[in-house]
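Accompanying notes for the structure given below.
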Amino acid sequence: MPVERGRLAVPAQVLAPRLLGGVLVSMVDGVEVAVRLTEVEAYEGTEDPASHAFRGLTARTAVMFGPAGHLYCYFTYGMHWCANVVAGSDGQAAAVLLRGGEVVRGADVARGRRPAARVGHDLARGPARLATCLGLGRGHNGLDICDQQAAVVLESMPGRRSSRVRAGPRVGISVAQERPWRFWLDGERSVSAFRPGGRRQRAGARQTDTRE
DNA sequence: AGGACGATTAACT
DNA sequence: GTTAATCGTCCTC
């Protein structure tokens, strides 16, 4: 049976570490892939400047504002899809980004979707890689993963917190870097490399003028 | 209507 | 270490 929605309707910071070790299963294009989550990040409400919901409700972020237990899938960098589990109560914009996991079923399918991966622990190491392994994309945005009939189901979540849970800054963001809302399982090879998010130089900004 | 930028990845030096 | 790929979303005219 899928995880009950009530267990997910908690703040993202609370849900995120609880998801570690949980198993998400997809049945897409007639084939099954299951991933055991090893790395996640919390995005908490409209007060979190790193969250897509920071500027309020839009068509893109609407799912984040809805009830817990749905997928928030978004497209980024012109080519990648990433997936979140919506957290919090209805009306709160909370979600947990799935950043890494270990493929525990359907590794052959995952390898077909991720030809660039050389080793098993790279299949779902990174948020876009994880989504690719599971075959997730636009059509899965808003999906209810507490529904056993859904194409993507949260199959299980640990009953208690592992002693291997670690916390630190989130990856790839340029604001609110002090909030330790990234969680991972220490020692797992499918945990992505930490890259501090750098603020890009704006196109209009001038570098120091070095002309004579 | 136009432009900046992104919760990334893969390939390269 | 660096950078290109590539387009939806949101902000500003």
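Between Y77(A) and dA5(C), no base-stacking contact is recorded for ring centres under 5.5 Å apart and planes less than 30° from parallel.
R170(A) has its CZ atom 12 Å from the P atom of dT8(B), to the nearest Å. The CZ-C1' distance, from F194(A) to dT8(B), rounds to 15 Å in whole Å. Spacing between atom NE2 of H52(A) and atom C1' of dG6(B) amounts to 7 Å, rounded to whole angstrom units. For the pair L97(A) CG and dG6(B) P, the computed distance is 16 Å after rounding to whole Å. Separating the CE atom of M79(A) from the C1' atom of dA11(B) is a distance of 13 Å, rounded to the nearest angstrom. Atom-to-atom, CZ of R195(A) to P of dT8(B) comes out at 8 Å; the value is rounded to the nearest Å. Rounded to a whole Å, the CD atom of Q13(A) is 16 Å from the C1' atom of dA7(B). Taking atom CE of M64(A) as the reference point, atom P of dT9(C) lies 15 Å away to the nearest angstrom.
Heavy atoms only, all atoms of each residue included: L185(A) and V165(A) are closest at CD2-CG2, 4.0 Å. For R166(A) against S163(A), the heavy-atom pair with the smallest separation is NH1-O, 3.0 Å. Listed here is the closest heavy atom pair of M64(A) and S51(A): CE-OG, 3.5 Å.
With distances taken from any side-chain atom of T58(A) to the nucleotides dC10(C), dG6(B), dC7(C), the minimum falls on dC10(C). Distance from the side chain of R60(A) is smallest for dC10(C) among the nucleotides dT9(B), dA10(B), dC10(C).
Under 4.0 angstrom from either OP1 or OP2 of dA10(B) there lies at least one side-chain N or O belonging to R129(A). For the pair R114(A) and dA10(B), the criterion of a side-chain N or O lying under 4.0 Å from OP1 or OP2 is met. Of the side-chain N and O atoms in H80(A), none sit less than 4.0 angstrom from OP1 or OP2 of dT9(B).
Under the Watson-Crick or G-U wobble criterion, with both distances below 3.5 Å, dA10(B) is paired with dT3(C).
Counting distance only, with no hydrogens placed and no angle test, the side-chain atoms of Y74(A) and the base atoms of dA7(B) include a donor-acceptor pair under 3.5 Å.
Note on A50(A): a base of the nucleic acid sits closer than 4.0 angstrom, heavy atoms only.
If you find the closest nucleotide of DNA chain C to R138(A) and to R55(A), the one lying nearer the 5' end belongs to R138(A).
Remark: of the listed residues Y43(A), Y72(A), Y74(A), Y72(A) is the sole one forming a side chain to side chain donor-acceptor pair (under 3.5 Å) with H52(A).
Ion pairing of R114(A) with D122(A) is absent here, as no side-chain N (NZ or NE/NH1/NH2) approaches a carboxylate O to less than 4.0 Å.
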